[in-house]
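To start, the structure itself, in structure tokens.
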Amino acid sequence: MGVFGSGWVWMISDQSGKLSIVTTPNQDNTMMDIAKDKGKPVIGVDVWEHAYYLKHQNKRTDYLDDVWNVINWKKQWSCMDK
């Protein structure tokens, strides 16, 4: 919810495997040279208004709740074991 305007929220894994949640503005991602927080994306969520407006209007919180509920956490985490 802390992203103002357009951007992304990421769960990333750093070189040591530590997970963290970070944000990037606009179309940037965590693997770009200009990224403040660098890491391998595990999950990325588009928080630009175009991603959720048709279904959720201006209710970004409802959109993020829906995203959270459709992630297959068991499958997502099994890929981290490889």
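For clarity, every value in this text was computed on a predicted model and none was experimentally measured.
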Decide yes or no for [X] and [Y]: does some side-chain heavy atom of the first lie under 4.5 Å from some side-chain heavy atom of the second?
X     : Y     : result
Thr24 : Trp10 : yes
Trp68 : Ile43 : no
Ile21 : Met11 : yes

Query raised in the report: Hey, does the side chain of Ser13 reach the backbone of Lys40 with a donor-acceptor pair shorter than 3.5 angstrom?
Result: no

Report task. Without swapping roles, check the side chain of Lys38 against the backbone of Asp14 for a donor-acceptor pair under 3.5 Å. Result ->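 No, Lys38 side chain to Asp14 backbone: no donor-acceptor pair under 3.5 Å.
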
Requested in this report: Output the distance between atom OG1 (Thr61) and atom CG (Asp66), rounded to the nearest 0.5 Å.
Outcome: 11.0 Å

Atom of [X], atom of [Y] and distance for their closest heavy-atom approach:
X     : Y     : answer
Asp46 : Gly7  : OD1-O, 3.8 Å
Asp28 : Ile34 : OD2-CD1, 3.6 Å
Val9  : Val47 : CG2-CG1, 4.0 Å
Pro41 : Met31 : CD-SD, 3.4 Å
Gln27 : Met32 : O-SD, 4.4 Å

